Amino acid sequence: MKRLLLSTLLLSACTAATTTPPAAAPPATTAAAQPVVSTLEFDRANLDTTANACNDFYQYANGGWLAKNPIPPQYTAWGMMSSVSEDNRRVLREILEAAAQKPASSRTAVEQKIGDFYSSCMNEQQIDAAGLAPIQPELDRIAAIASRADLQNEIVRLHNIGVAAPFVVHATQDAKNSTETIAEVSQAGLGLPDRDYYFRTDDKSKKVREEYVAHINKMFELAKVPGDADAVMRIENALANASFTAVQLRDPQTQYNRMPVSQLTTLAPSLVWDQYLAQRGLSIDSINVAQPSFVKEVDHLIATAPLSDWQTYLRWQLLTDVAGTLPTPIADENFRFRNTVLLGQKKQQDRWQRCVARVNAQVGEALGQAYVDRKFPPEAKKRAMELVDNLVVALRENIGQLDWMSSSTRANALAKLNAFRRKIGYPDTWRDYSKLTIVNGPLATNTLAATQFEVQRDLAKIGKPVDLTEWYMTPPTINAYYNPPYNEIVFPAGILQWPMFDIHQDDAFNYGAVGSVIGHELTHGFDDEGSQYDAKGNLANWWTEEDKKNFEARAECIVNQFEGYYIEPETHHTGKLVAGESIADLGGAIIAYKAWQKSLVGKPKPQTIGGFTPEQRFFLGFARARATNMTIESARNRVLTDPHPINKFRVNGPLSNMPQFASAFQCHTGDPMVRATQCAIW
């Protein structure tokens, strides 16, 4: 899978994992559809007033809602914004069904693509009748591998249709020349979510591996293709052992290894790189090798692993990659392992929900055009821009007042902040899908076509100037991101909706909710990873040595804090994995609070509403959208693989570092929500 450096918000895991390619986050509903009343008056029953705000604010702010909203069987988590996501998905369904049913003679090109894609996904009878026909040519080629040259040729063909095994080559920005798009080779090719799944020795991890082996064999049986799990595991275990850990993947310095192609040939001589690149349509002199030790292991395996093992492994990678598009027995078994075993989901979502997610994931900017017309009016974009401006002013002031930062580093930090690009709602120019052919045929055919289109679109960027207008999330997405090489903050229309954001609502609540999101993304420019990039998006040191040590010491406070947060007795967060998101959560809350306070200057003091002061409403707004029930399986997966902490700790963690919170709720030293050693960076 292509490695992106996006630092995302990921408010909550509030949608089910599905057998479709994952969208970046769930979509949201419109603010206009909600009653224009005080948020707190509207949902006060969501509180747990038996809890003590100074002991566990997450429970206090959300306990009533959590108790009343267990996880439905077709989800791995259910959060405050899940019902919002479902409402939004229904809107996308209306758009897709209208496009599917519209007479061909009157459909636009975009309507044809999204309508026929949706129809092919909904037509289960056609999917079952097609069987493995859409992937049979590749299965036949894999079966015909008789030499190392044949093996390389098949890897190329699989890469061209988006099967990233055992590595991936893609376009990326040169980390030290952010105007240039270069090629990169990165680790890939694992069937489990993360390399640590292959090596953890606790009983639960051993059980997952046993289930995985059984799943592989079952899938081969259902597909009626030869293969066995032992061969797959021999290749995957070797790849996993050479893979960077999730923590190591957060270090961009070690992953910048641009070299001449001739040097790559020396590093990994078993794969004929000049031929590989030519077969991918690339004429390049240099390439970034993100994980050289991984590439060396791939090279060793290509030279030494039996061809029969490679055939089985590649057959498996192809099968599992497209399993959700294949006949029902295969898709159901894929769901059983991927969603039930790994994430605790008890039941599949309705077919239409999965199909909406698939279309959004694969041709999201085509679908997004109709979405923003319905869901994101110009006045919402204008108000969101004002909030961003206010948060930038607050962060600028904070940077100017830091007592641990020297004047030279401060000047560089301010220059970076002033250079931030801002994208709100949707792209100014929509992606051109004119070269993508979608037919009213088997789903796997359209899925492979869309994936191949995206692969070729990506490779075509290599050697060209970076396109700073490109978006990496679709407009309906409930998420946001900071992209270090672009030095930009991006807020899709999906997140700028009720209850995260409402132009009619109380400012205190809005600043606590969406203001903290904006502050979160701004702070990512200065977290443990983003701080390594300069104002132009280049991987460059702009810190004095002493300032860097000061920053790292303050970041270590966050690392140590989150190491102590457990989801069960034997499973706790990895502080270095979640440091970036946790720094951003704390910085976002601090900056949003300051921006809100500044917005009050010259205005009448806000009144108490629903029994809560405006200061208290700010923090309730911060906590409310993060209310989420999650299966223990999904929580374990998140702790192992995700740089975002569990939502309870994304609330209690940052707020326990804020004197402003303690003051608002009259908490005192010794209360769990008032840390004895409070972390502070920005």
Side-chain angles (χ1 to χ4, degrees), residues 1 132 135-169 185-199 208-244 268 270-272 276 279-280 291 293-324 326 330 333-334 337-338 342 444 448 451 455:
M1 187 174 182
L132 297 187
I135 64 169
Q136 193 60 51
E138 288 308 322
L139 291 172
D140 292 342
R141 292 187 183 104
I142 292 171
I145 292 174
S147 67
R148 305 290 163 178
D150 291 344
L151 173 60
Q152 172 165 325
N153 289 336
E154 184 54 30
I155 289 172
V156 169
R157 282 193 290 267
L158 291 173
H159 285 185
N160 281 335
I161 61 172
V163 180
F167 59 91
V168 62
V169 171
V185 55
S186 301
Q187 67 186 43
L190 300 182
L192 288 171
D194 179 78
R195 53 98 58 202
D196 286 353
Y197 273 78
Y198 293 83
F199 307 118
V208 166
R209 287 195 294 274
E210 291 172 4
E211 290 271 11
Y212 183 48
V213 167
H215 167 63
I216 295 171
N217 287 328
K218 183 65 174 178
M219 290 282 278
F220 281 139
E221 176 188 336
L222 291 170
K224 296 182 174 60
V225 296
D228 67 274
D230 290 344
V232 173
M233 293 301 285
R234 282 194 289 271
I235 299 287
E236 290 193 5
N237 275 318
L239 294 176
N241 190 53
S243 295
F244 277 27
S270 298
L271 199 150
V272 185
Y276 171 89
Q279 289 174 299
R280 301 296 308 280
Q291 300 90 21
S293 57
F294 179 86
V295 173
K296 288 182 68 174
E297 178 60 24
V298 169
D299 182 77
H300 172 72
L301 291 170
I302 286 176
T304 63
L307 289 178
S308 58
D309 280 8
W310 274 111
Q311 288 173 302
T312 301
Y313 168 76
L314 293 179
R315 193 177 290 120
W316 168 245
Q317 286 292 318
L318 172 62
L319 184 61
T320 192
D321 193 67
V322 300
L326 296 178
I330 297 173
E333 168 60 21
N334 185 64
F337 178 75
R338 298 290 169 191
L342 290 181
L448 289 169
T451 305
V455 168

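Source: prediction; values computed, not measured.
By the side chain to side chain donor-acceptor pair (under 3.5 Å) test, D321 pairs with no residue at all, sequence neighbours left out. Residues meeting the side chain to side chain donor-acceptor pair (under 3.5 Å) test with E333, sequence neighbours left out: H215, R336.
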Full working for side chain to side chain donor-acceptor pair (under 3.5 Å) between Q136 and D140: CA-CA 6 Å; Q136 193 60 51; D140 292 342; 2.8 Å; yes

Could you give me the CA-CA distance, side-chain angles and deciding distance for R315 and Q311, then say whether side-chain contact (heavy atoms from CB on, under 4.5 Å) is met? CA-CA 6 Å; R315 193 177 290 120; Q311 288 173 302; 4.1 Å; yes

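Not one N or O on the side chain of Q317 forms a donor-acceptor pair closer than 3.5 Å with the backbone of V163.
Residues Q152 and Y276 approach most closely at NE2-N, 3.4 Å, considering heavy atoms. A pairwise comparison of heavy atoms in E138 and L158 identifies OE1-CD2, 4.2 Å as the closest pair. Minimum heavy-atom separation, V208 to Y197: CG1-CD2, 4.0 Å. Of all heavy-atom pairs between I145 and L151, the closest is CG2-N, 3.9 Å. Among all heavy-atom pairs drawn from E236 and Y198, the shortest one is OE1-OH, 2.5 Å.
Contact of the R148 side chain with the L307 side chain is registered, since non-hydrogen atoms from C-beta on lie closer than 4.5 Å. The closest side-chain heavy-atom distance from W316 to M219 is below 4.5 Å. Using a 4.5 Å heavy-atom cutoff, the side chains of Q279 and R157 are not in contact. By the 4.5 Å heavy-atom criterion applied to side chains, L326 and L132 are counted as neighbours. Between F294 and V298, the closest side-chain pair of non-hydrogen atoms falls below 4.5 Å. Counting heavy atoms from C-beta on, the side chains of T451 and V322 never come closer than 4.5 Å.
Rounding to the nearest 0.5 angstrom, the gap separating the CG atom in L271 from the CD1 atom in I302 is 4.5 Å. Residue Y212 holds its OH atom at 6.5 Å from OG1 of T320, rounded to the nearest 0.5 Å.
Between Y313 and W310, the ring center distance clears the sub-6.0 Å criterion.
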